[in-house]
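These notes concern the structure reproduced below.
First listed ligand is number 1; within each ligand, the first listed atom is number 1.
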Amino acid sequence: MPDRQAIAMSSNSPEKPDINPERHIDVLIAGGGPVGMALALALQEYDYSVLLLETRALPEAVDDPRPLALSYGSRLILQRLGVWEKLTQPTPILAVHITNRGHSGQTHLTPDDAGVPALGYVVNYHELYTALRSLIQQGQTDYQTGAQVTSFQTNAQRASVLYQQNGTSRLVSTGLLVLADGGKLAEQVPEVNYQIHDYNQSAIIANLKAGSPERGAAFEHFTLDGPLALLPSGGGYALVWTLPAEKTETILQLEDQAFLSQLQDSFGNRLGNFVATGKRTSFPLILKHASNVTSRRTVLIGNAAQTLHPVAGQGFNLGLRDAWELADEISQSLPGGANEVGSPRMLARYNKRRRIDREGGRLFTDSLVKLFTLNLSLLQTATGLGLAALDHLPPARRFVARRMVFGARG
Ligand SMILES: Cc1cc2nc3c(=O)[nH]c(=O)nc-3n(C[C@H](O)[C@H](O)[C@H](O)COP(=O)(O)OP(=O)(O)OC[C@H]3O[C@@H](n4cnc5c(N)ncnc54)[C@H](O)[C@@H]3O)c2cc1C
């Protein structure tokens with residue numbers, strides 16, 4: 001595509017998005033989080049001009065402590081992208097124990113249930129981010145940091161996108177605008193409707209040491225406050241502890257010993273005593289799911305398309321599949337016709353292709369949270385029985401395990 005004449009407006013100029021774009025780009029990705037970066041990397045295989053805009057200045061600004069449980073399917077994608085070998089210590093998950101507080105039922109998933117060598121791998125968001133970033137920087141993607149997309153307009157031929165960088169406003173046009181910013185920019189797209197549910201919960205994240213760790217074992221323990229997950233991480237555990245929003249602040253303020261003793265109360269002593277904890281951080285938890293992820297010349301991926309409760313560790317895994325399948329659709333488009341990048345036909349194909357996986361991820365995650373946190377003793381007994389039954393039904397265990405590993409098509 002020919003470059004257009006460059007313009008750079010000073011930051012206090014009025015925004016006039018549709019006048020004289022600086023240049024034309026085949027694909028513009030707004031948001032360089034892990035999903036946006038994965039898409040940019042996947043597109044490096046093909047001959048498209050790609051501009052990746054990330055609002056954060058790097059790398060200092062990205063110190064996100066959250067652990068990510070990657071499915072085996074995500075590992076395969078990250079291997080294809082060359083990211084996997086850059087991760088220093090992904091910890092394999094060799095068993096998942098699911099228990100429900102106060103009830104005897106439990107289930108135990110193993111890699112055999114899903115026919116894979118490990119049920120998943122635990123990595124740190126920060127490490128994954130850094131690995132993706134260094135590969136992007138080595139490739140041909142035009143990657144701009146400290147660059148915030150502020151507004152955009154679309155017509156049948158293109159999207160005009162305005163962004164701010166170093167006090168300057170820049171205007172570019174693109175055949176396909178990919179919103180990978182977590183969800184704020186989609187508010188400018190009238191066709192996108194979000195289904196939003198606030199769980200009124202937050203997740204506390206911390207790294208822990210336990211007295212009697214079980215190698216490779218992950219624990220999903222459902223309490224009346226919400227699910228408590230312990231993921232194997234190095235020799236210790238990464239904690240994702242869901243609590244009602246009103247309790248979170250009090251627990252975050254506790255000294256280390258008091259915090260560990262509260263945690264012990266909730267989890268029990270299956271791993272012996274918790275002996276050390278790192279810094280604690282919290283994230284508010286909501287479900288935000290777009291019914292439609294495409295609009296004129298625009299597509300939503302990753303958290304912008306669906307922000308899920310972390311209980312089943314599905315969010316990034318789903319987002320990575322969004323990126324991978326979008327790159328595949330883009331690669332099959334043809335220049336300058338009804339099938340070009342960003343055409344209604346290409347977007348309709350992508351929307352259809354992702355529907356079942358996205359819908360399945362939302363239902364699976366949302367049902368888990370609701371089923372195990374309803375404060376009704378009968379239901380609690382039923383879920384206890386359900387877990388016991390699941391443990392004795394290999395096909396059902398296989399279903400749950402493959403769902404966690406490969407998504408809806410598992
Ligand atoms: C506590 C917790 C635990 C989790 N655990 C798991 C797990 O075990 N497994 C799993 O699969 N998922 C998990 N998730 C979900 C996972 O973190 C997200 O799904 C994933 O981070 C989504 O990546 P993303 O790139 O779509 O969005 P984000 O990570 O939100 O990245 C969006 C990027 O866009 C940038 N941006 C925002 N606005 C603009 C703008 N206007 N212009 C330019 N750039 C912009 C942001 O700076 C950011 O870098 C967890 C989430 C939480 C909160």
Shortest protein contact, atom 47 (O) of ligand 1 (heavy atom only)
E54 OE2, 2.7 Å
Student check: side-chain heavy atoms of I196 and L287 closer than 4.5 Å
no
Using modelled atom types and a 3.5 Å cut-off, is there a donor and acceptor pairing between side-chain atoms of Y48 and backbone atoms of I330?
yes
Would you please determine whether Y125 falls within less than 4.0 Å of ligand 1 on a heavy-atom basis?
yes
Atom 38 (N) of ligand 1: the protein heavy-atom neighbour that sits closest, reported with distance to 0.1 Å:
D181 CB, 3.6 Å
Heavy atom under 4.0 Å from ligand 1: found in L53's side chain, backbone, both, or neither?
backbone
Just by modelled atom types, is the L176 backbone N or O under 3.5 Å from a matching donor or acceptor in the T174 side chain?
yes
Any idea which atoms of ligand 1 are less than 4.0 Å away from a heavy-atom of A180?
32 (C), 33 (C), 34 (O)
Counting only N and O atoms by type, is there a donor-acceptor contact under 3.5 Å from the side chain of T91 to the main-chain atoms of G234?
yes
Which residue and non-hydrogen atom of the protein lie closest to atom 5 (N) of ligand 1, and at what distance in Å?
P67 O, 3.4 Å
A student checking ligand 1 against G315 at a 4.0 Å heavy-atom cut-off should list atoms 10 (C), 11 (O), 12 (N), 19 (O)
Output the list of atoms in ligand 1 that are nearer than 4.0 Å to some heavy atom of G302, sorted by atom number.
26 (O)
For the aromatic rings, using the six-membered ring if either is Trp, is the centroid distance between Y194 and H289 under 6.0 Å?
no
Is the centre of the W84 ring less than 6.0 Å from the centre of the Y121 ring?
yes
Would R270 and F219 count as a cation-pi pair here, with the cationic atom under 6.0 angstrom from the ring centre and within 45° of the axis?
no
Taking heavy atoms and a distance under 4.0 Å, where does A304 meet ligand 1: side chain, backbone, both or neither?
neither
Counting heavy atoms under 4.0 Å, the part of Q314 that contacts ligand 1 is backbone
Does the pair D225 and Q201 meet the rule for a side-chain hydrogen bond (donor to acceptor under 3.5 Å, both in side chains), with working shown?
CA-CA 9 Å; D225 279 340; Q201 291 179 329; over 6 Å; no
Can you list the steps and then say if N193 with N292 is a side-chain hydrogen bond (donor to acceptor under 3.5 Å, both in side chains)?
CA-CA 7 Å; N193 292 311; N292 179 22; over 6 Å; no
Heavy-atom contacts under 4.0 Å between Q148 and ligand 1: side chain, backbone, both, or neither?
both
G183 to ligand 1, any heavy atom closer than 4.0 Å
no
At under 4.0 Å between heavy atoms, is it the side chain or the backbone of A69 that contacts ligand 1, or both, or neither?
both
What protein heavy atom is closest to atom 3 (C) of ligand 1, reported as residue, atom name and distance in Å?
P310 CB, 3.5 Å
Does S74 approach ligand 1 within less than 4.0 angstrom via side chain, backbone, both or neither, non-hydrogen atoms only?
neither
Contact (N/O only, under 3.5 Å) between V149 and ligand 1
yes
Atom 12 (N) of ligand 1 has as its nearest protein heavy atom F316 N, 3.0 Å
Could you list the atoms of ligand 1 found under 4.0 angstrom from a heavy atom of G33?
25 (O), 31 (O), 33 (C), 49 (O)
Answer yes or no: does an N/O atom from V35 fall short of 3.5 Å to an N/O atom of ligand 1?
yes
Quick one: which of R297, H24, Q153 gives a side-chain hydrogen bond (donor to acceptor under 3.5 Å, both in side chains) with S173?
H24
Side-chain heavy-atom pair Q306, D322 within 4.5 angstrom cut-off
yes
In the protein, what heavy atom is nearest to atom 17 (O) of ligand 1, and what distance, to one decimal place, separates them?
R66 NH1, 2.6 Å
Tell me, which protein residue and heavy-atom name are nearest atom 36 (N) of ligand 1, and how many Å apart are they?
T55 CG2, 3.7 Å
Working for side-chain hydrogen bond (donor to acceptor under 3.5 Å, both in side chains), residues T141 and Q44
CA-CA 7 Å; T141 307; Q44 286 190 352; 2.7 Å; yes
Heavy-atom distances under 4.0 Å are what count here, so tell me which part of I205 touches ligand 1: side chain, backbone, both or neither.
side chain
For atom 30 (O) of ligand 1, closest protein heavy-atom neighbour
G182 CA, 4.2 Å
Using only atom types and a distance under 3.5 Å, with no angle test, would you say the side chain of N317 pairs donor to acceptor with the backbone of A69?
yes
Hey, is ligand 1 close enough to F283 that some N/O pair sits below 3.5 Å?
no
Hey, mind stepping through T298 and S295 against side-chain hydrogen bond (donor to acceptor under 3.5 Å, both in side chains) and telling me if it holds?
CA-CA 5 Å; T298 312; S295 172; 5.0 Å; no
How are the rings of F274 and F267 set relative to one another: parallel (under 30°), tilted (30 to 60°) or perpendicular (over 60°)?
tilted
For ligand 1, is G319 a contact, meaning one of its heavy atoms is under 4.0 Å away?
no
Which option out of L320, N303, L68 puts a heavy atom nearest to atom 27 (O) of ligand 1?
N303
